[in-house]
J.: 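I'd like to ask some things about the structure below.
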Amino acid sequence: MEIEITTPETSSTFSALAGMFTYDHEQVVFCQDKSTGLKAIIAIHDTTLGPALGGTRMWNYASEQEALTDVLRLSRGMTYKSAVAGINLGGGKAVIIGDSRANKSEALFRRFGKFVDSLGGKYITAEDVGISPRDIEQVHMETNHVTGVPEYLGGSGDPSPVTAYGVYVGMKAAAKKAYGSDSLTGKKVMVQGVGSVGYYLVELLAKEGAIISISDIYEPSIKKVFTNFKVSVVKVNDVYKADMDIYAPCALGATVNDATLKELKCNIIAGAANNQLAEETIHGEAVKSAGIFYAPDYVINSGGIINCYWELQGYNRDAAISQTEKIFDTTTDIFNKSEKENTPTYLAANKMAEERIIAIGKIKTSF
Ligand code: NAD
């Protein structure tokens, strides 16, 4: 049986099934192991293009329902991300319910690895929020269906530099559309969040002569960037009203919302953070009406998944970088489609993903 509901009540069963059917998932696997305290959900959204790849998130969810909603939403997002990136992967994701600071153990991750392995490669996992390279190593002890494995174990290591490169070329495509030139020299760029991806993005922007502002809630992250590059630092609460041409959210999601749109005076939004639009339909339309060129988040932050894809092929960094460079053309195509069809860019991207899945799905049925 593919679905193992962890709570026996009929209402939970129905809500689990309802969520699965709403987003059109192929398979949802509930995993439980009493000895390690593991409670996890693996969601496989769509495997038309290839095995479902997406990271594992460990989070202290308030309820199992919240964890289920998150994994269903995130796995669907992965289907769209890989489809637009032009790689042969489907969408999947896993969540482990628990406190990533208190509930980790080798046994828990190895047990989780066994669950991943039992799917025979239909789902391939990777790192996400709350998961460290060490946890991935432990998952890897039980399964080969894992990417983002440390370099010393033959993997591709930290994907952040490749993700940052994709965001950078996506930002250049947006600049070309907004200003007629892809040059970022002299452009005022506000990078919100200078962690793994934000740091490498600042490095690329500095090389091109952009005028960079940064903001972060974590002092050591600011210090690291400030000592290596010419940047000005903006207080966390002053980000949206700062003077900028380009807003690059590289921290949290949902920062493009009713409140921030009242303050933001920028021509372009292009950053790494997932789910930047608080409400896709409302704020996707709002940025369009405000004349802001929004480079859809999942399109330009796909360098990380592209890197994972190439790890599966036998890692070739040059190939990963070359494919990531194509984000420039894809972003341009999305802006053009959005203009031609008079739709918000997020919708143009979604349609592009759906068109590829349908087209490739059709050729799979013919010999
Ligand atoms: P990270 O945790 O290394 O960095 C995030 C940074 O944002 C941290 O320095 C943190 O202190 C800061 N931050 C948190 N809240 C903030 C706030 N309110 N204001 C300003 N700064 C704040 O994460 P990362 O790997 O750099 O990823 C950044 C974003 O990009 C995330 O949303 C992630 O989901 C997304 N993303 C990352 C990758 C990747 O390859 N790492 C790939 C795709 C998408």
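Order of appearance sets the numbers: ligands from 1, and atoms from 1 within every ligand.
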J.: Considering Gly271, Ala272, Ala273, which one's heavy-atom position lies nearest to atom 36 (N) of ligand 1?
T.: Ala272
J.: Look only at interatomic distance and state if Gly304 has a nitrogen or oxygen under 3.5 Å from any nitrogen or oxygen of ligand 1.
T.: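 Looking only at distances, the answer is no, because the N/O contact criterion of under 3.5 Å is not met.
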J.: Short N/O distance, under 3.5 Å, between Ser221 and ligand 1?
T.: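 Among all N and O atoms of Ser221, at least one is under 3.5 Å from an N or O of ligand 1.
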J.: Between Thr324, Ile334, Val167, which is the residue that forms a side-chain contact (heavy atoms from CB on, under 4.5 Å) with Ile300?
T.: Val167
J.: Is Ile214 close to Phe229 at the side-chain level, that is, under 4.5 Å between some pair of heavy atoms?
T.: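 Phe229 vs Ile214: side chains apart.
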J.: Pick whichever of Ile217, Leu201, Ile222 has a heavy atom sitting closest to atom 19 (N) of ligand 1.
T.: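 Of the listed residues, Ile217 has the closest heavy atom.
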J.: For atom 23 (O) of ligand 1, is some protein heavy-atom partner under 4.0 Å away?
T.: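 For atom 23 (O) of ligand 1 the answer is no, since every protein heavy atom stays at 4.0 Å or beyond.
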J.: Tell me yes or no: between the side chains of Asn275 and Asp297, is some donor less than 3.5 Å from an acceptor?
T.: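 Looking only at side-chain atoms, Asp297 and Asn275 do not form any donor-acceptor pair under 3.5 Å.
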J.: Looking at Tyr294, is its backbone amide N or carbonyl O close enough to the side chain of Thr345 to form a donor-acceptor pair, meaning the two atoms are under 3.5 Å apart?
T.: yes
J.: Could you check whether any side-chain heavy atom of Lys104 comes within less than 4.5 Å of a side-chain heavy atom of Ser132, counting everything from C-beta outward?
T.: yes
J.: Any nitrogen or oxygen of Ala251 lying under 3.5 Å from a nitrogen or oxygen in ligand 1? Just yes or no.
T.: yes
J.: Under the 4.0 Å line, does any protein heavy atom show up next to atom 30 (O) of ligand 1?
T.: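 Within 4.0 Å: yes, protein heavy atom nearby.
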J.: So, regarding Asp216 and ligand 1 (criterion: nitrogen or oxygen to nitrogen or oxygen, under 3.5 Å), is there a contact or not?
T.: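 Checking ligand 1 against Asp216, an N or O pair does fall under 3.5 Å apart.
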J.: If the cut-off is 4.0 Å to any non-hydrogen atom of Gly195, which atoms of ligand 1 fall inside it?
T.: 3 (O), 4 (O), 6 (C), 9 (O), 26 (O)
